[in-house]
Amino acid sequence: MKKNKYRKENLKWRDIQREQLGYSANIYFIFSSAILGFSLDLWINKREVLSCPSIVLLTISVSFIILSLIFYALFTNNRLNDFRQTAKYYKKGKTTKEVSELTEKIGEQTWSYYKMQICALALGFVFVLIGIGIYIYS
């Protein structure tokens with residue numbers, strides 16, 4: 001009885017975690033898109049007044065932000081594949097433990113893409129801040 005209650009609670013928290021993971025990845029996507037738009041606007045429309053270091057830093061920033069968006073796409077695709085595989089295994093009559101074991105690698109890859117999305121976004125953000133700082137103070 002106690003084991004069954006624990007399993008239900010664990011599943012509840014895993015559902016909440018899965019939901020929050022999606023929300024946070026979407027927020028990072030929106031933030032990446034905003035930085036990309038701002039950087040490209042500055043890079044294209046102010047190119048003649050930007051110093052060489054600012055242009056280089058903005059270019060690096062744009063590269064990292066695009067990489068972040070790519071990782072977001074991979075994260076989303078992998079997550080959808082995880083849901084499809086999970087549903088497929090349950091339809092075949094697999095137990096929760098078997099499904100968990102069969103989809104563990106997909107879940108690990110999802111987390112890996114999520115972490116890479118965050119790292120690329122953080123690097124892009126740092127480079128854009130430095131580039132804008134050089135632009136403002138020079």
Side-chain angles (χ1 to χ4, degrees):
M1 183 72 167
K2 217 177 200 184
K3 203 174 199 180
N4 194 24
K5 182 181 177 187
Y6 171 76
R7 195 172 294 147
K8 284 182 182 179
E9 283 296 313
N10 189 30
L11 288 174
K12 174 187 163 192
W13 286 110
R14 286 189 64 179
D15 286 342
I16 291 170
Q17 179 188 35
R18 192 177 300 118
E19 189 176 308
Q20 294 302 315
L21 179 66
Y23 289 147
S24 63
N26 291 340
I27 288 170
Y28 294 137
F29 169 76
I30 291 167
F31 193 53
S32 294
S33 299
I35 293 172
L36 181 65
F38 178 79
S39 300
L40 287 176
D41 180 59
L42 186 63
W43 193 51
I44 293 168
N45 295 327
K46 303 279 188 194
R47 193 170 183 101
E48 64 278 350
V49 295
L50 289 174
S51 64
C52 184
S54 287
I55 292 171
V56 169
L57 289 167
L58 286 174
T59 303
I60 293 169
S61 173
V62 165
S63 300
F64 277 117
I65 295 300
I66 289 172
L67 193 59
S68 174
L69 294 171
I70 289 169
F71 284 128
Y72 173 77
L74 292 170
F75 162 82
T76 302
N77 187 47
N78 200 66
R79 208 162 165 238
L80 291 172
N81 183 41
D82 188 6
F83 293 146
R84 283 191 298 271
Q85 290 297 324
T86 300
K88 185 173 136 183
Y89 290 137
Y90 277 122
K91 281 183 181 177
K92 289 183 176 180
K94 303 281 186 190
T95 66
T96 302
K97 185 177 180 184
E98 290 172 326
V99 171
S100 180
E101 289 170 359
L102 290 167
T103 60
E104 184 176 351
K105 287 187 187 207
I106 298 172
E108 288 172 3
Q109 189 64 50
T110 298
W111 277 102
S112 178
Y113 288 142
Y114 177 76
K115 290 173 186 174
M116 287 187 268
Q117 176 195 13
I118 293 169
C119 288
L121 170 60
L123 288 169
F125 185 65
V126 167
F127 280 106
V128 81
L129 283 179
I130 295 169
I132 291 170
I134 291 172
Y135 166 68
I136 291 171
Y137 294 110
S138 63

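Everything numeric in this text was worked out from a predicted model, so none of it was measured. Count residues from 1 along the sequence.
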Give a yes or no on whether the backbone of [Y] and the side-chain of [X] come within a donor-acceptor separation of less than 3.5 Å.
| X | Y | result |
| --- | --- | --- |
| T59 | I55 | yes |
| E98 | T95 | yes |
| N78 | Y113 | no |
| S61 | L57 | no |
| S39 | I35 | yes |
| S33 | F29 | yes |
| N26 | G22 | yes |
| R79 | L21 | no |

[X] and [Y]: same hydrophobic cluster, using ILVMFWY side-chain contacts below 4.5 Å?
| X | Y | value |
| --- | --- | --- |
| L80 | L74 | no |
| F38 | V49 | yes |
| L67 | I30 | yes |

So how far is it from [X] [atom1] to [Y] [atom2], rounded to the nearest 0.5 Å?
| X | Y | atom1 | atom2 | result |
| --- | --- | --- | --- | --- |
| S68 | F31 | OG | CZ | 10.0 Å |
| K92 | L102 | NZ | CG | 9.0 Å |
| E104 | D82 | CD | CG | 11.0 Å |
| I106 | Q85 | CD1 | CD | 5.0 Å |
| N77 | Q109 | CG | CD | 11.0 Å |
| F71 | F64 | CZ | CZ | 10.0 Å |

Subject >> side-chain contact (heavy atoms from CB on, under 4.5 Å) assessment of K88 paired with F83 >> reply: CA-CA 9 Å; K88 185 173 136 183; F83 293 146; over 6 Å; no
Below 3.5 Å, can you tabulate the donor-acceptor pairs from side chains in residues 114-136 to any protein atom, sequence neighbours excluded?
unit_1 : atom_1 : unit_2 : atom_2 : d
Y114   : OH     : S24    : OG     : 2.7
Q117   : NE2    : A25    : O      : 3.3

Original post:
Under the criterion side-chain contact (heavy atoms from CB on, under 4.5 Å), which of L58, N45, I65, V62 is the partner of L40?
Top reply: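 Answer to the side-chain contact (heavy atoms from CB on, under 4.5 Å) test with L40 among L58, N45, I65, V62: V62.
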